Amino acid sequence: MRLAVVGNPDNRRVTLFVEAAVRAGLPAPVVHPWREVLSSRPGAAPSPTATPPSPGSAVAGAGTARFAAAVPPAASSPSPGSAVPGPGMFVRIESPGEDAEVDRLLRERGSGRPAVAAEHGEIVGAAAAFAGLRWALDRVAAGGGVLLNQPDDILTMSDKPRCHALLSAAGIPVPPALPPVHDYASLRTAMADAGWNRVFVKPAHGSSASGVLAFATAGRRVTAATSVELNGDKIFNNLRVRRYDDEASIRAIVDRLGPDGLHVERWYPKAALGDRVLDLRVVVIAGEPRHVVVRTSRSPMTNLHLGNARGDVAAVRAAAGARSWAAAMETCARVAAVFPGTLHAGVDLMFRTGWRDHAVAEVNAFGDLLPRVLADGLDTYGAQIAALSAGWSPAPPPVGPGATSSSLGGLAAGRWAGVSCVS
């Protein structure tokens with residue numbers, strides 16, 4: 001098995017995947033840096049950062065023969081000068097985040113104009129970066145490798161309105177959403193028309209809660225909880241959730257985010273343990289929910305990088321009860337079935353107060369970074385390597401109404417009661 005990664009070489013996501021492959025006895029995956037994918041011309045790129053494995057390299061064991069069936073017949077080693085993986089390589093596409101130059105290049109490719117580096121934490125050019133990602137993914141796909149996460153799936157998961165609509169059409173529970181809004185004025189109008197006074201305002205292409213506002217109105221009073229920091233005419237993602245109660249600041253933030261696209265959902269009343277609300281990050285690998293982290297917070301934002309805390313998975317399972325927990329895990333599996341050509345997805349799942357209902361908040365294309373979380377002794381990266389060695393290969397998308405749900409084959413809810421995880 002010959003693996004390649006398109007990613008930022010120094011990022012721990014890439015490092016952890018490479019280490020998992022080596023632990024499994026595979027050659028170190030070839031790493032193709034995002035900077036080279038975005039900046040080099042086709043056929044004129046520098047060499048990848050690791051030596052390509054020889055054509056005969058393969059993982060030993062029974063899984064090898066099954067996995068080899070997915071290799072294109074004309075498989076060959078990638079060209080030493082190729083910026084993207086070539087035929088015969090099984091390709092993991094990793095997050096382009098956490099690299100300022102990659103962000104600049106994405107915005108430059110997406111806008112077709114020169115772009116300057118953003119200031120640290122600055123929220124700018126999300127729509128251009130998304131368009132640049134589409135360009136880059138098209139280029140990776142043209143290399144001819146077997147992609148372990150499909151470009152269209154990545155783009156759908158990274159486009160909140162599109163992903164929400166797709167999940168809703170598949171019958172997967174999601175919070176109701178407003179029609180498109182583009183600024184503060186249209187947000188207030190849409191909320192009034194819907195009769196809603198509490199919503200989550202999300203950048204269409206944001207991640208890690210960047211730019212998200214938990215917005216509420218009560219008569220003439222308005223409040224917003226968010227990690228956004230206003231600084232003159234710029235906005236920044238801060239690692240501290242703050243509260244705004246002056247309409248001028250909230251208007252400025254929403255109007256600054258609006259041109260890059262917004263997605264607005266009705267506020268979902270999350271379940272809590274003690275004085276902390278919670279939700280789950282569930283990593284589904286090869287169709288099965290395997291790794292679970294509970295994210296708890298005293299604010300509406302549960303993202304762990306905002307200073308929040310991991311919760312006790314066993315305590316949440318006990319509070320939800322076996323039936324509700326199993327139903328939630330089946331929903332996560334149904335989400336993954338919408339993207340059958342992609343090996344893994346991170347599902348953010350919310351239990352409603354009372355634990356009877358649940359809904360999917362988001363689906364994350366790069367949501368498998370769960371340090372120290374094991375299932376059957378494997379972290380998320382090791383579990384993906386194991387699934388590949390056991391013969392997983394991309395499947396075509398379901399066709400026709402209801403195909404997503406039926407692709408699970410009538411799974412019994414009890415199947416998901418035994419999801420293994422360590423908090």
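Fair warning: this is a prediction, and the values are worked out from it, not measured in the lab.
The CD1 atom of Ile93 lies 12.0 Å from the CG atom of Leu343; values are rounded to the nearest 0.5 Å. To the nearest 0.5 Å, the span separating CD1 on Ile253 from CG on Leu230 amounts to 4.0 Å. Within the model, atoms CG of Leu178 and CZ of Phe200 stand 13.5 Å from one another, a figure rounded to the nearest 0.5 Å. Asn8 CG to Glu98 CD: the interatomic distance, rounded to the nearest 0.5 Å, is 8.0 Å. The CG atom of Asn149 sits 8.5 Å away from atom CD of Gln384, with the distance rounded to the nearest 0.5 Å. Between atom CZ of residue Arg92 and atom NE2 of residue His32 there is a gap of 14.5 Å, rounded to the nearest 0.5 Å.
Within the 4.5 Å cutoff, the side chain of Pro29 has no heavy atoms near those of the Arg2 side chain. The side-chain heavy atoms of Val316 and Leu280, taken from C-beta on, include a pair separated by under 4.5 Å. Side-chain contact between Arg310 and Arg295: absent, with no pair of heavy atoms (C-beta onward) separated by less than 4.5 Å. Taking 4.5 Å as the limit, every side-chain heavy atom of Ile385 sits out of range of all side-chain heavy atoms of Leu378. Leu278 is not listed as a side-chain neighbour of Lys270, based on a closest heavy-atom distance of 4.5 Å or more. Residues Thr223 and Tyr244 have side chains not in contact (no heavy-atom distance under 4.5 Å, counting atoms from C-beta outward). Side-chain contact between Leu3 and Met1: present, with at least one pair of heavy atoms (C-beta onward) separated by less than 4.5 Å. In this structure, the side chains of Val37 and Val140 come closer than 4.5 Å at one or more pairs of heavy atoms.
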Without placing hydrogens or testing angles, list every side-chain donor-acceptor pair under 3.5 Å for residues 254-265, not counting sequence neighbours.
{"unit_1": "Asp255", "atom_1": "OD1", "unit_2": "Tyr184", "atom_2": "N", "d": "2.8"}
{"unit_1": "Arg256", "atom_1": "NE", "unit_2": "Asp233", "atom_2": "O", "d": "3.2"}
{"unit_1": "Asp260", "atom_1": "OD1", "unit_2": "Ala127", "atom_2": "N", "d": "3.2"}
{"unit_1": "Asp260", "atom_1": "OD2", "unit_2": "Ala126", "atom_2": "N", "d": "3.4"}
{"unit_1": "His263", "atom_1": "NE2", "unit_2": "Glu265", "atom_2": "OE2", "d": "2.9"}
{"unit_1": "Glu265", "atom_1": "OE1", "unit_2": "Lys202", "atom_2": "NZ", "d": "3.3"}

Anything under 3.5 Å between a donor and an acceptor, one on a side chain of residues 162-177, the other on a protein residue two or more places apart or in another chain? List them.
{"unit_1": "Arg162", "atom_1": "NE", "unit_2": "Thr156", "atom_2": "OG1", "d": "3.2"}
{"unit_1": "Arg162", "atom_1": "NH2", "unit_2": "Asp152", "atom_2": "OD1", "d": "2.7"}
{"unit_1": "Arg162", "atom_1": "NH2", "unit_2": "Asp152", "atom_2": "OD2", "d": "3.1"}
{"unit_1": "Arg162", "atom_1": "NH2", "unit_2": "Thr156", "atom_2": "OG1", "d": "3.2"}
{"unit_1": "His164", "atom_1": "NE2", "unit_2": "Pro175", "atom_2": "O", "d": "2.6"}

Report all side-chain donor-acceptor pairs from residues 13-23 shorter than 3.5 Å, counting only partners two or more places apart or in another chain.
{"unit_1": "Arg13", "atom_1": "NH1", "unit_2": "Phe366", "atom_2": "O", "d": "2.7"}
{"unit_1": "Thr15", "atom_1": "OG1", "unit_2": "Asn11", "atom_2": "O", "d": "3.3"}

(request) Report the C-alpha distance between Arg35 and Glu101 in whole Å, list the side-chain angles of each, state the deciding distance to 0.1 Å, and finish with yes or no for salt bridge (charged side-chain N to carboxylate O under 4.0 Å, His left out). (result) CA-CA 7 Å; Arg35 292 190 184 193; Glu101 176 61 9; 5.9 Å; no
(request) Would you check, one step at a time, whether the test side chain to side chain donor-acceptor pair (under 3.5 Å) holds for Ser227 with Asn237? (result) CA-CA 6 Å; Ser227 61; Asn237 187 37; 2.8 Å; yes
(request) Apply the test side chain to side chain contact (heavy atoms under 4.5 Å, CB included) to residues Val360 and Val347: give CA-CA distance (whole Å), side-chain angles for both, the deciding distance (0.1 Å), then the verdict. (result) CA-CA 7 Å; Val360 173; Val347 180; 4.0 Å; yes
(request) Begin from the C-alpha positions of Val294 and Asp312 and carry the test side chain to side chain contact (heavy atoms under 4.5 Å, CB included) through to its verdict. (result) CA-CA 7 Å; Val294 177; Asp312 187 322; over 6 Å; no
(message) Run Arg242 and Glu229 through side chain to side chain contact (heavy atoms under 4.5 Å, CB included) and show every step you take.
(response) CA-CA 8 Å; Arg242 62 194 63 215; Glu229 178 182 355; 3.8 Å; yes
(request) Under the side chain to side chain contact (heavy atoms under 4.5 Å, CB included) rule, what do Asp279 and Leu349 come out as? Steps first, then yes or no, please. (result) CA-CA 6 Å; Asp279 60 20; Leu349 185 132; over 6 Å; no
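The pair Arg104-Glu108 counts as a salt bridge, with a side-chain nitrogen and a carboxylate oxygen less than 4.0 angstrom apart. Taking the charged nitrogens against the carboxylate oxygens, Asp138 and Arg134 have no contact shorter than 4.0 Å, which rules out a salt bridge. With respect to Asp376 and Arg290, a salt bridge is recorded, a charged nitrogen being found less than 4.0 Å from a carboxylate O.
The two residues Ala216 and Arg198 make their nearest non-hydrogen contact at CB-CG, 4.0 Å. Pro394 and Gly341 make their closest contact through CB-O, 3.7 Å (heavy atoms, listed as atom of the first residue, atom of the second, distance). Heavy atoms only, all atoms of each residue included: Gly367 and Val283 are closest at O-CG2, 3.5 Å. Taking every heavy atom of both residues into account, Val91 and Pro85 meet most closely at CG2-CB, 3.5 Å. In plain terms, the two heavy atoms of Phe236 and His120 that are nearest each other are CD2-O, 3.4 Å. Here the shortest heavy-atom pairing between Trp392 and Ala286 reads CD1-CB, 3.6 Å.
Under the side chain to side chain donor-acceptor pair (under 3.5 Å) criterion, Asn364 pairs with Asp348, sequence neighbours left out. With sequence neighbours excluded, no residue forms a ring pair (Phe, Tyr, Trp, His ring centres under 6.0 Å) with His344. Take Tyr268 and apply the ring pair (Phe, Tyr, Trp, His ring centres under 6.0 Å) test, not counting sequence neighbours, and it matches no residue.
Between the side chain of Thr353 and the backbone N or O of Pro269 there is at least one donor-acceptor pair closer than 3.5 Å. Listed for the His205 side chain is no donor-acceptor partner under 3.5 Å among the backbone atoms of Ala128. Proximity of a side-chain donor or acceptor of Lys234 to a complementary backbone N or O of Ile123 within less than 3.5 Å is not detected. For Trp34 (side chain) and Glu94 (main-chain N/O), a donor-acceptor pair under 3.5 Å exists by modelled atom type. Thr296 places a side-chain N or O within 3.5 Å of a backbone atom of Ala309 that can act as its donor or acceptor partner. No donor-acceptor pair under 3.5 Å is formed between the side chain of Glu330 and the backbone N or O of Ala327. Not a single donor-acceptor pair under 3.5 Å links the side chain of Arg109 to the backbone N or O of Trp135.
Side-chain contact of Asn197 with Thr217: a donor-acceptor pair under 3.5 Å is absent, judged by distance alone. For the 3.5 Å distance criterion, the side chains of Asp368 and Thr380 fail to qualify, holding no donor opposite an acceptor.
Ring geometry for Phe351 against Trp325 counts as parallel: the plane angle stays under 30°, on a 0 to 90° scale with 60° as the upper cut.
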